[in-house]
Amino acid sequence: MLEQLKKKRILGAVGLVLLFLGTILPYFQYSFFGYSVKISLYNYLEGKIVIVLIVANLLFIFRDFVEKYIPQMFHSTIGQKIKNADSKMAMVPTILIVVFVIILFLRVDLGNSLNHGLGFFALWLGVICLVAHSFIYKNQNEVLNYDTPISPNSNVPIIDQQQNMNNIPNIKYCPSCGSQCDGLVNNCPMCGKSFIN
């Protein structure tokens with residue numbers, strides 16, 4: 001299971017979905033004389049900031065899919081910076097989300113007697129999934145480093161350049177008929193023209 005999480009972006013996708021659900025589902029809910037009131041973050045500035053950070057994380061984590069299916073996302077100045085950024089920069093929106101959710105919790109939730117709704121729990125689970133994704137996921141393109149030299153003890157066969165040159169067939173073309181001939185023959189097998197001058 002851990003190997004699958006290292007190779008695939010499952011935790012990143014789950015984290016982004018949970019963060020989105022955390023903004024649209026009720027963050028607080030309370031009842032007052034039979035009336036039930038539900039407050040979601042989407043209607044407030046805090047929810048809109050989380051949505052912007054979700055989009056930034058989406059562009060970083062799923063850059064290849066977004067570039068393939070929605071290339072217009074990278075036509076803006078910010079999109080170009082994200083497209084050309086190092087993959088380690090994907091940590092920046094994740095760190096911003098963590099900081100923002102902690103500040104939101106400290107500012108709104110502490111000392112508050114309101115009941116938390118599904119949005120609160122989805123938001124925190126999304127943050128946990130994104131943080132876990134950034135530490136567990138290993139991009140296969142980064143793991144393979146083609147610039148590293150091959151050690152002499154590796155199992156990769158080293159082909160001598162002279163041996164490689166010997167494997168290239170010696171080919172002649174007949175000046176008379178244009179047919180391809182073996183380089184070792186003296187006469188064209190098609191028209192009989194002699195190659196010796």
Side-chain angles (χ1 to χ4, degrees), residues 1-29 38-110 112 114-150:
M1 179 68 175
L2 187 61
E3 287 301 317
Q4 292 286 21
L5 294 177
K6 283 183 180 179
K7 295 178 184 175
K8 298 188 178 179
R9 296 172 269 196
I10 298 169
L11 279 175
V14 170
L16 292 174
V17 169
L18 286 172
L19 280 171
F20 181 72
L21 290 176
T23 59
I24 60 172
L25 291 175
Y27 190 81
F28 286 124
Q29 56 188 12
K38 297 178 181 180
I39 301 171
S40 64
L41 293 178
Y42 184 73
N43 298 328
Y44 299 95
L45 177 66
E46 289 83 358
K48 292 177 178 34
I49 292 172
V50 171
I51 294 290
V52 168
L53 292 173
I54 289 170
V55 171
N57 261 313
L58 177 75
L59 290 177
F60 271 113
I61 295 172
F62 296 101
R63 185 182 338 190
D64 52 341
F65 289 117
V66 173
E67 190 173 3
K68 183 176 180 181
Y69 296 110
I70 316 170
Q72 299 87 354
M73 295 289 282
F74 293 112
H75 290 295
S76 67
T77 307
I78 296 172
Q80 284 295 320
K81 288 182 181 179
I82 291 174
K83 180 180 177 181
N84 299 328
D86 187 17
S87 61
K88 293 180 177 124
M89 292 297 291
M91 289 287 289
V92 172
T94 303
I95 291 169
L96 288 175
I97 282 183
V98 170
V99 169
F100 182 74
V101 169
I102 289 172
I103 290 172
L104 180 71
F105 177 76
L106 294 174
R107 201 181 92 215
V108 177
D109 293 322
L110 286 183
N112 198 339
L114 299 175
N115 295 328
H116 290 108
L118 287 175
F120 172 81
F121 300 108
L123 195 70
W124 277 101
L125 282 174
V127 167
I128 291 168
C129 287
L130 272 182
V131 170
H133 167 78
S134 56
F135 286 110
I136 293 175
Y137 177 70
K138 302 294 179 212
N139 190 350
Q140 296 303 313
N141 295 333
E142 293 173 4
V143 172
L144 296 174
N145 187 359
Y146 296 107
D147 296 333
T148 56
I150 298 173

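These values consider heavy atoms only, across backbone and side chains, with no hydrogens, waters or symmetry-generated copies. Position 1 is the first residue of the sequence, and the numbers go up from there.
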Query raised in the report: Is there side-chain contact between F121 and L25, with heavy atoms separated by less than 4.5 Å?
Result: no
**Report entry** All pairs passing salt bridge (charged side-chain N to carboxylate O under 4.0 Å, His left out) where residues 38-58 contributes a residue, at least two apart
**Finding:** E46-R107
**Report entry** Flag side-chain contact, heavy atom, 4.5 Å: L96 against I49
**Finding:** no
Report task. Please state whether the rings of F105 and F120 are parallel, tilted or perpendicular, taking 30° and 60° as the class boundaries. Result -> tilted
Query raised in the report: Taking the side chain as C-beta and beyond, is there a heavy-atom pair between H133 and N57 under 4.5 Å?
Result: no
Requested in this report: Kindly state each residue pair satisfying salt bridge (charged side-chain N to carboxylate O under 4.0 Å, His left out) with at least one member in residues 117-136, sequence neighbours excluded.
Outcome: none
**Report entry** Whether over 12 other heavy atoms sit under 6.0 Å from Y42 OH
**Finding:** no
Requested in this report: Assign the ring pair F65 / F62 to parallel, tilted or perpendicular, where the plane angle (0 to 90°) is split at 30° and 60°.
Outcome: tilted
Query raised in the report: Would a 4.5 Å heavy-atom cut-off, applied to side chains only, mark L104 and L41 as touching?
Result: yes
Query raised in the report: If you measure from CD on E67 to CG on L59, what distance do you get to the nearest 0.5 Å?
Result: 10.5 Å
Query raised in the report: Which pair of non-hydrogen atoms, one from T94 and one from S134, has the smallest distance, and what is that distance?
Result: CG2-OG, 4.4 Å
**Report entry** Set of side chain to side chain contact (heavy atoms under 4.5 Å, CB included) partners for V98, sequence neighbours left out
**Finding:** I102, V127, V131
**Report entry** Shortest non-hydrogen separation from F60 to P93 and the atoms involved
**Finding:** CD1-CG, 3.6 Å
Query raised in the report: Which heavy atom of G15 sits nearest a heavy atom of C129, and at what distance?
Result: CA-CB, 3.6 Å
Query raised in the report: Do L18 and L123 have side-chain heavy atoms sitting under 4.5 Å apart?
Result: no
Query - Between CG on residue L16 and CG on residue L53, distance to nearest 0.5 Å - result: 11.0 Å
Requested in this report: Mind listing the closest non-hydrogen atom pair of T23 and G47 along with its distance?
Outcome: CG2-O, 4.1 Å
**Report entry** Qualifying residue for side chain to side chain contact (heavy atoms under 4.5 Å, CB included) with L130, from L125, I97, V14
**Finding:** I97
Report task. For I61 and G12, work out which heavy atoms get closest and say how close. Result -> CD1-CA, 4.4 Å
